[in-house]
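Bear in mind the structure is a predicted one, so any value in this text is a computation, not a measurement.
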Amino acid sequence: RRINTMKSKHVLIIVLLGAVCIFYFTLQGGQSQEYVKEIIREREEKDHYMRTSRESPFAGEPESFSGLIYYPPDEKYRIIADLKAVENKNMVTLGTSDGKEQRFMEYAIAEFDLDNRKNRLLILEVMDMGPAKGTLFLAFGDKTSAGETYGGGRYLDVKKLPKGSKTITLDFNKAYNPYCAYTDKYSCPLPPPQNLLEIAINAGEKVYTAK
């Protein structure tokens with residue numbers, strides 16, 4: 001009887017552990033599904049904006065818009081990076097797609113590990129007068145640039161965090177092309193040399209293919 005009781009306890013423990021594991025992985029899968037749905041929804045909203053907005057680079061000829069092309073959402077590229085403030089900030093001048101220049105101020109460095117490499121991206125603050133003055137700017141290139149993605153680099157929206165923040169989320173699934181990828185009517189800053197990554201970021205928006 002004692003042996004049977006012990007066996008019953010072992011069976012019960014195994015069943016309970018199995019139930020816990022199933023619950024955990026179901027929960028994790030649910031979170032992933034919600035994340036994927038969020039990314040897909042945002043992409044659908046952007047396609048709608050591109051096709052209908054007066055501010056779209058396709059305004060006036062929406063019939064020419066063939067839809068943006070993306071890598072599938074991949075949580076590998078949603079990264080919590082270490083954030084290091086730049087103490088002695090310098091002015092940075094970036095060239096633009098049309099041969100002009102724009103001024104920025106060094107703001108912070110985002111550091112993260114990906115594909116067995118230590119990676120660093122310089123986050124800048126917009127200095128030129130206009131509605132964007134004081135906002136942050138992050139442009140980068142990677143091994144997909146001028147191949148699967150736009151040769152002039154891609155952008156990633158980041159917001160200022162409370163002073164003393166030690167981390168920042170870089171979601172490369174939300175990396176997007178500047179408007180210069182669709183038409184030469186715009187002037188788009190190019191990434192600073194230190195933001196040309198030695199890895200492939202297989203996430204976010206791909207190069208645009210017109211109809």
Side-chain angles (χ1 to χ4, degrees), residues 27-28 30-43 45-46 49 55 68 70-71 73-96 101-142 144-145 149-150 152-179 181 188-205:
L27 182 63
Q28 291 297 98
Q31 289 175 346
S32 295
Q33 284 300 108
E34 285 303 311
Y35 174 74
V36 169
K37 288 178 181 178
E38 174 195 335
I39 296 296
I40 291 173
R41 182 173 62 251
E42 289 180 3
R43 293 175 176 181
E45 289 173 354
K46 186 165 185 180
Y49 174 89
E55 303 299 321
L68 304 180
Y70 297 93
Y71 290 97
D74 186 347
E75 283 192 279
K76 167 187 173 179
Y77 293 103
R78 186 174 184 270
I79 294 165
I80 307 299
D82 293 328
L83 185 66
K84 297 186 177 180
V86 177
E87 298 300 332
N88 300 311
K89 298 180 179 180
N90 294 307
M91 191 73 73
V92 176
T93 301
L94 298 184
T96 64
E101 294 181 340
Q102 287 190 28
R103 296 183 311 133
F104 299 84
M105 184 67 75
E106 292 177 334
Y107 179 77
I109 301 289
E111 297 182 341
F112 58 96
D113 294 332
L114 185 64
D115 293 345
N116 299 315
R117 278 184 176 270
K118 298 279 187 182
N119 303 283
R120 290 164 52 94
L121 289 174
L122 174 62
I123 301 173
L124 300 170
E125 183 174 355
V126 179
M127 298 303 294
D128 287 345
M129 295 302 296
K133 182 177 172 61
T135 60
L136 300 184
F137 176 75
L138 176 53
F140 71 94
D142 65 280
T144 70
S145 300
T149 63
Y150 177 56
R154 291 180 288 169
Y155 294 174
L156 197 58
D157 288 339
V158 289
K159 295 181 179 180
K160 288 184 177 179
L161 296 171
K163 190 174 182 180
S165 296
K166 300 299 183 183
T167 61
I168 187 170
T169 299
L170 302 179
D171 192 345
F172 290 103
N173 291 292
K174 298 182 180 183
Y176 62 93
N177 293 334
Y179 278 2
C188 306
L190 303 172
Q194 57 266 57
N195 282 9
L196 302 179
L197 301 174
E198 292 297 324
I199 59 172
I201 301 291
N202 298 306
E205 189 176 349

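- Of the candidates L114, N119, L138, L138 is the only one forming a side-chain contact (heavy atoms from CB on, under 4.5 Å) with L170.
- Here the closest non-hydrogen pair linking R43 and P73 is NH1-CD, 3.8 Å.
- Ion pairing between a basic and an acidic side chain is recognised when a charged N comes within 4.0 Å of a carboxylate O; E42 and K174 show such pairing.
- Here the side chains of L197 and L121 are in contact, with some heavy-atom distance below 4.5 Å.
- To the nearest 0.5 Å, atom CZ of residue R103 and atom NZ of residue K133 are 7.0 Å apart.
- The side-chain heavy atoms of L83 and I123, taken from C-beta on, include a pair separated by under 4.5 Å.
- Contact annotation: the side chain of T169 approaches that of I80 to within less than 4.5 Å [non-hydrogen atoms, C-beta and beyond].
- Using a distance-only test at 3.5 Å, with no hydrogens or angles considered, no donor-acceptor pair links the side chain of K160 to the main chain of E125.
- Test L156, I168, V158, L161 against L136 for side-chain contact (heavy atoms from CB on, under 4.5 Å) and you get one pass: V158.
- In this structure, I79 CD1 and D171 CG are separated by 9.0 Å, a value rounded to the nearest 0.5 Å.
- Listed by chain and number, the residues in a salt bridge (Lys or Arg N to Asp or Glu O under 4.0 Å) with E111 are K84, R120 (sequence neighbours excluded).
- Annotation for R154 and T144: closest pair NH2-OG1, 3.7 Å, computed over non-hydrogen atoms.
- Residues passing the salt bridge (Lys or Arg N to Asp or Glu O under 4.0 Å) test with D115, sequence neighbours excluded: K76.
- N195 places a side-chain N or O within donor-acceptor distance of the main-chain N or O of L122, the cut-off being under 3.5 Å.
- For an aromatic pair to be called close, the ring centres must be under 6.0 Å apart, and Y155 with F137 satisfies this.
- Counting heavy atoms from C-beta outward, P192 and F104 have side chains that stay 4.5 Å or more apart.
- When all heavy atoms of G152 and P191 are compared, the closest pair comes out as O-CD, 3.3 Å.
- In this structure, L124 CG and M105 CE are separated by 10.0 Å, a value rounded to the nearest 0.5 Å.
- Atom CG of residue L94 and atom CD of residue E101 lie 9.0 Å apart, to the nearest 0.5 angstrom.
- When every heavy atom of K89 is checked against every heavy atom of Y107, the shortest pair comes out as CE-O, 4.0 Å.
- Between K118 and D113 there is a salt bridge, since at least one side-chain N of the basic residue sits less than 4.0 Å from a carboxylate O of the acidic one.
- Side chains of E205 and Y150 form no contact here, defined as non-hydrogen atoms less than 4.5 Å apart.
- Between Y70 and I39 there is no side-chain heavy-atom pair separated by less than 4.5 Å.
- The minimum heavy-atom distance between M127 and M91, with the atom names listed, is CG-SD, 4.0 Å.
- When the side chain to side chain contact (heavy atoms under 4.5 Å, CB included) test is applied to A203, the partners found at least two apart in sequence or on another chain are Y77, F172, N173, I201.
- Summarising the geometry, atom CD1 belonging to I199 is positioned 10.0 Å from atom CG belonging to N116; distances are rounded to the nearest 0.5 Å.
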